[in-house]
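Predicted model, so just to flag it, every value in this text is computed and none were measured. The basis for the numbers below is simple: all heavy atoms, side chains too, and nothing from hydrogens, waters or symmetry mates. Just follow the structure's listing: the first ligand is 1, and inside any ligand the first atom is 1.
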Amino acid sequence: MELIKDGKRLDGRKPDELRPIKIEAGPLHRADGSCYLEWGGNKIIAAVYGPKEAIPRHIQNPTRAVINAKYNMASFSVGDRKRPGPDRRSREISKITSEALENVILTEMFPRAMIDVNIEVLDADAGTRCAGITAAAVALADAGIPMEDIPVACAAGKVGDTVVLDLMGEEDQEGQADVPLAIAPRTENILLLQMDGHLTVEEFDRALELAMNGCQQIATMQREALMKKYQSFEED
Ligand code: UDP
């Protein structure tokens, strides 16, 4: 499959262009904080519960809160029905998401507590770990969890010998590399960096530059989504 033709990608995007993104803060009423995110063909719900007493007690940390992120793909979210329940991939994504979020949440304010972050992928089209972290960050802010910054994530990669921003499904499957990145956007501190495939050092630098830039664009959208919810409260 020809992934790049006349400088345009399968969905008509330029190499440095993001897919369309829509973010809504606080769609769920029972959760302490929530977010609904559409990002290209991805649809994701994030729900935050806590801080609350960590249970079972042996997981409690006397100096800080435990962040418990759980990433789950609905069985209907992918082409071939996915077997419900956790698998190696979802455990890995839950772990890296917990670790990325732990580095910006002021966990030492809540000793012995836990903060549950549920990420449900309803529809998947590549880049769901980045979309999950981005949605979780908005849900955490919506829950009023104190953080150094609102984390954000975006991937870049290589398709048809070109370094591109934000791979969609076919590009992820047929492409040459995928580099998911999560950052704290104010400092550009890296919270997550993975690489699947092969890149030269120059290509890697370019992918990182594109992904950083993508993250900054999405960070603006996250803030707009939160402002939209909380401004409407002020007006009431
Ligand atoms: N995917 C799938 N079935 C699975 C896991 C993944 O069809 O069991 C698809 C899905 O669209 C996902 C993409 O493959 O978004 C890429 O998966 P990857 O593991 O690279 O993670 P992601 O890019 O979603 O963070």
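Between the side chain of Asp149 and the backbone N or O of Pro151, no donor-acceptor pair lies under 3.5 Å.
Comment: Asp142 engages Lys229 in a salt bridge, judged by a side-chain N to carboxylate O separation of less than 4.0 angstrom. For the pair Arg89 and Asp87, the salt-bridge criterion is not met [side-chain N within less than 4.0 Å of a carboxylate O].
Near ligand 1, Met73, Val78, Arg89, Ala124, Asp125, Ala126, Gly127, Thr128, Arg129, Asp172 each place a heavy atom less than 4.0 angstrom from the ligand.
With hydrogens and angles left out, the side-chain atoms of Asp116 and Asn68 include a donor and acceptor closer than 3.5 Å.
Shown here is Lys82, whose NZ atom has more than 12 heavy atoms of other residues, nucleotides or ligands within 6.0 Å.
Under the salt bridge (charged side-chain N to carboxylate O under 4.0 Å, His left out) criterion, Arg64 pairs with no residue at all, not counting sequence neighbours.
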